[in-house]
Amino acid sequence: MASGKGGTGKTTIAVNLALYLAKSHKVALFDLDVEEPNDNHFLHFELTNFKDVNISRPLINESICTHCGLCAELCEFNALAVLSTQVMVFEELCHGCGLCSIACPEKAIKEKSHRLGIIQKSKNQNNNLLFYEGKLRVGEALATPIIHELKKIAFEENHEYIILDLPPGSACPVIEALSDTNFAILVTEPTPAGEHDLLIAIDLVKQLEIPFGIINNRSDVGDDCIDRLVKKEDYELLLNIPHENEILWLYSNGLPLIGTTTKFDPMFSNLWIRIEEVVK
Amino acid sequence: MKIGIPSNGNDLSQAFATVFGRCSHFVIVDSTDQKNITTYPNEARNAAGGAGIQAAQSLINQQVDVVIAPRMGPNAWNVLQGAGVKIFIGINGTLQENIEAYLAGKLVEMTGAASFGPGMGRGQGRGMGRGGGRGMGRGQG
């Protein structure tokens, strides 16, 4: 569940599609928006700590370092500077790739573990719906390793369906989250920003060679830019969701559409039928 | 003594660059022999992050003693300070004018890094006070 623009409805659709499918299938929902995981505001599952996510950062042994400068030269992120008597490590720039410690000819670089965030899991094991979310610690900048870890869990475990709720945008965290998925649902809205950011997201899924369909949320607000785009390019429009006060009311009160009422079951049933058609 | 200056070109007639980490070239001048000039393109210019660090590292590798810069982020500042390099605030003008001003003792030493996050070159603080004193003395006698 991806989008270029934020606030188009990824979380709403991910959570409710998961709840709908879990009526008859084994489903795992992963909240990959680790900077602001919101899925559980609508699920209200009791969560338990599953694992910490750490990266390695360099620890320099100055007593054997010859200050040759190779580590700083190789570092893709400029996280190291080598002076004649000391090595400076700029930890906030380090991506934890470990190249410096592999390359050091003196073996003067060890790695120390740094905690980036945590993965939590829902406790309700008997339910058809299993839920995981990642949380980036406040002050940390690297979301990608947490997303990577969540996806490892998703693909290692044996689930019938895996729904990944992605962060907005089109940069590293989104690319990490999209890679190796079977199908991308791009959620947009018929506004200039919605269309602009959708085009970026489409460009991205095309480059990653992931088949995709589009959901046009609040489809009767704004203009017909998404309809025109879909027609012109022959894209798959999976669903139009009209603006509806009841949806907003449920959303504002932290309630899912599926389960609170049966009114929206046909919407998600139709969505699933369309997805299956397009994937086949 | 070796003086390093951020520049937009490779000779002393060029304008002093208004950015440090992402200038196009660095020019290094030997104060005892001002015809002895080294220039090299700033490879940090297009870095995704840490440009100031990489640029400062390149100047240290050139063994400069002094850097003249418009302003500097905290990372580049820490690298140059750690290496014992003195940093002076440059003036609007050519590289030649900056070197002359430095040698005449007219440049002010930079006392700290610009106070913004790494790689976030915001703010336009320049502090370019121009002397405007006009003689108003009346002759007496």
Side-chain angles (χ1 to χ4, degrees), chain A residues 35 55 57-62 65-100 103-105 108-109 114 116 136-145 169-176 204, chain B residues 1-2 4 6 19-24 26 28 38 40-67 69 72-87 110 112-122:
Chain A
E35 288 181 62
I55 59 163
R57 285 179 170 174
L59 189 65
I60 316 290
N61 183 346
E62 292 282 1
C65 173
T66 60
H67 305 102
C68 69
L70 183 63
C71 55
E73 206 178 300
L74 292 176
C75 180
E76 184 66 24
F77 307 100
N78 296 319
L80 294 154
V82 179
L83 316 183
S84 59
T85 54
Q86 62 161 317
V87 179
M88 297 176 87
V89 181
F90 294 88
E91 301 218 337
E92 73 283 3
L93 294 178
C94 174
H95 282 51
C97 72
L99 181 60
C100 54
C104 178
I109 304 179
H114 174 81
L116 281 181
L136 186 66
R137 279 176 61 200
V138 172
E140 297 297 338
L142 284 183
T144 308
S170 53
C172 297
V174 174
I175 295 166
E176 173 68 38
L204 177 60
Chain B
M1 194 196 314
K2 283 175 141 187
V19 288
F20 174 74
R22 298 188 187 274
C23 64
S24 80
F26 281 106
I28 293 167
T38 314
Y40 63 97
N42 175 22
E43 285 180 15
R45 187 181 192 182
N46 297 317
I53 296 168
Q54 196 185 342
Q57 175 84 65
S58 76
L59 287 165
I60 289 166
N61 294 349
Q62 296 285 334
Q63 296 175 320
V64 298
D65 306 287
V66 168
V67 168
M72 203 172 280
N75 288 342
W77 166 267
N78 284 334
V79 173
L80 291 176
Q81 285 283 305
V85 175
K86 286 201 179 300
I87 309 164
M110 207 183 281
S115 56
F116 38 68
M120 302 298 260
R122 298 268 170 85

* Asked: Taking all non-hydrogen atoms of both residues, which atom of A/Met88 and which atom of B/Val79 are closest, and how far apart?
  ->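 Looking at all heavy atoms of both residues, the closest pair is SD-CA, 3.7 Å.
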* **Contact summary for A/Leu83 and B/Ile60, nearest pair of heavy atoms** =>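 Looking at all heavy atoms of both residues, the shortest contact is CD2-CD1, 3.4 Å.
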* To do: Measure from the side-chain N and O atoms of B/Gln57 to the backbone N and O of A/Val82, and report whether any donor-acceptor pair falls under 3.5 Å.
  =>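 Yes; judged by distance alone, with no hydrogens or angles, the pair exists.
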* **Part of A/Ala81 within contact of chain B (heavy atom distance under 4.5 Å)** =>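 For A/Ala81, backbone and side chain are both near chain B.
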* chain B heavy atoms under 4.5 Å from A/Phe77: which part of the residue, side chain, backbone, both or neither? ->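 Answer is backbone: N, CA, C or O of A/Phe77 sit under 4.5 Å from chain B.
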* Asked: Yes or no on side-chain contact (heavy atoms from CB on, under 4.5 Å) for A/Glu73 and B/Asn61, after CA distance, side-chain angles and deciding distance?
  -> CA-CA 11 Å; A/Glu73 206 178 300; B/Asn61 294 349; over 6 Å; no
More than 12 heavy atoms of other residues, nucleotides or ligands under 6.0 Å from [atom1] of [X]: yes or no?
| X | atom1 | result |
| --- | --- | --- |
| B/Lys2 | NZ | yes |
| A/Glu35 | CD | no |
| A/Glu76 | CD | no |
| A/Gln86 | CD | yes |

* Asked: Heavy atoms, side chains only, cut-off 4.5 Å: are A/Leu80 and B/Ile53 in contact?
  ->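 SC-SC contact between A/Leu80 and B/Ile53 ruled out.
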* Counting only heavy atoms closer than 4.5 Å, note whether B/Ala83 contacts chain A via side chain, backbone, both or neither. =>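 Both backbone and side chain.
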* Side chain, backbone, both or neither of B/Ala44 within contact of chain A (heavy atoms, under 4.5 Å) ->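 Neither part; nothing is under 4.5 Å.
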* Gap between atom CD of B/Glu43 and atom CG of A/Asn78 - 0.5 Å precision ->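 With rounding to 0.5 Å, CG (A/Asn78) is 10.5 Å from CD (B/Glu43).
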